[in-house]
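These notes concern the structure reproduced below.
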Amino acid sequence: MKNFRLTLNQKYGYASIFYGVSIILLAIFGKSSNTLLSISSSLLSLIAAVGFLLTFFLKSDIDDERALDNLHRAGFRALFTIILLTSILQCILLFCRIPLEADNMLKLILGISFSSFGLSLIHISEPTRRS
């Protein structure tokens, strides 16, 4: 059998996107009155968490200087996404008086930031992969 190795985009980028989307779905459907949606979103989130943890234990390409630089830049963009989302959600809650529970708000921010990190990493590392 061939040696299975993850690329750095698969290890960090796509795993973060999948995990972020599963957290967003958990925030949306987690407290739904439909039990099938609630249970399926919880199972998807559990599968995504196990898959996300497995990416750190599987063999992958070596993190070189360029890959580490891309990780830092993607993390910096994701940090600004978290700050921007938090301030926008607080303004919406303050001015529009929309009731939103703290755990759902935290799950939404966490899911969007994981997805933002993965998308930023893939977007940043695409030009370096072509050259």
Side-chain angles (χ1 to χ4, degrees):
M1 189 171 204
K2 213 176 190 185
N3 253 351
F4 180 72
R5 293 186 84 89
L6 291 174
T7 64
L8 294 177
N9 276 347
Q10 290 171 338
K11 182 177 182 177
Y12 299 116
Y14 294 117
S16 296
I17 291 171
F18 184 68
Y19 187 60
V21 168
S22 70
I23 290 176
I24 291 170
L25 289 176
L26 183 64
I28 294 172
F29 298 120
K31 294 186 178 179
S32 174
S33 60
N34 189 347
T35 57
L36 183 63
L37 282 177
S38 176
I39 291 173
S40 63
S41 65
S42 298
L43 285 176
L44 179 67
S45 180
L46 181 66
I47 291 170
V50 169
F52 189 71
L53 287 174
L54 276 179
T55 59
F56 292 105
F57 296 115
L58 293 175
K59 288 184 181 179
S60 66
D61 294 339
I62 298 172
D63 294 346
D64 57 350
E65 288 180 19
R66 181 178 286 176
L68 291 176
D69 185 43
N70 289 342
L71 280 172
H72 290 258
R73 288 194 304 178
F76 191 68
R77 286 184 184 178
L79 175 68
F80 275 116
T81 304
I82 293 170
I83 293 169
L84 182 68
L85 281 175
T86 305
S87 61
I88 288 173
L89 279 174
Q90 286 181 352
C91 288
I92 288 173
L93 291 174
L94 181 67
F95 294 124
C96 299
R97 305 215 189 267
I98 296 175
L100 186 63
E101 295 176 7
D103 63 334
N104 280 341
M105 186 169 64
L106 179 66
K107 287 176 189 173
L108 283 174
I109 290 172
L110 187 65
I112 292 172
S113 21
F114 263 108
S115 299
S116 169
F117 173 74
L119 288 171
S120 296
L121 182 65
I122 290 172
H123 178 71
I124 288 171
S125 61
E126 279 294 321
T128 60
R129 200 174 63 177
R130 285 188 215 139
S131 29

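Note that these values count all heavy atoms, side chains included, but never hydrogens, waters or copies made by symmetry. Just so you know, these numbers come straight off a predicted model, no measurement behind them.
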To the nearest 0.5 Å, atom CD1 of Ile23 lies from atom CG of Leu106 at 9.0 Å

For Asp69, the side chain to side chain donor-acceptor pair (under 3.5 Å) test, sequence neighbours excluded, returns none

Exercise for review: Tell me whether Tyr12 is reachable from Leu68 by hopping between hydrophobic residues (I, L, V, M, F, W, Y) whose side-chain heavy atoms are closer than 4.5 Å.
Suggested key: yes

In this structure, CG of Leu44 is separated from OH of Tyr19 (nearest 0.5 Å) by 11.0 Å

Quick check: is Leu85 connected to Leu26 through a chain of hydrophobic side chains (ILVMFWY, heavy atoms under 4.5 Å apart)? no

From CA spacing to verdict: side chain to side chain contact (heavy atoms under 4.5 Å, CB included), Thr81, Phe114 = CA-CA 10 Å; Thr81 304; Phe114 263 108; over 6 Å; no

For Ala48 and Ser22, the nearest pair of non-hydrogen atoms, with its separation, is CB-OG, 3.3 Å

Between the NE2 atom in His123 and the CG atom in Leu121, the distance rounded to the nearest 0.5 Å is 11.5 Å

In terms of heavy-atom contacts, Ser115 and Ile24 come closest through OG-CD1, 4.3 Å

So side chain to side chain donor-acceptor pair (under 3.5 Å) across residues 83-94, not counting sequence neighbours, yields none

d(Ile28 CD1, Leu108 CG) to nearest 0.5 Å is 6.5 Å

dist Lys107:NZ -> Leu25:CG (nearest 0.5 Å) comes out at 12.0 Å

Looking at the rings of Tyr14 and Phe18, which for Trp means the six-membered one, are their centres under 6.0 Å apart?
-> no

Between Ser120 and Phe117 (side chain of the first, backbone of the second, donor and acceptor by atom type, cut-off under 3.5 Å), is there such a pair?
no

Interatomic distance, CD1@Ile109 vs CD1@Ile82, rounded to 0.5 Å, equals 8.5 Å

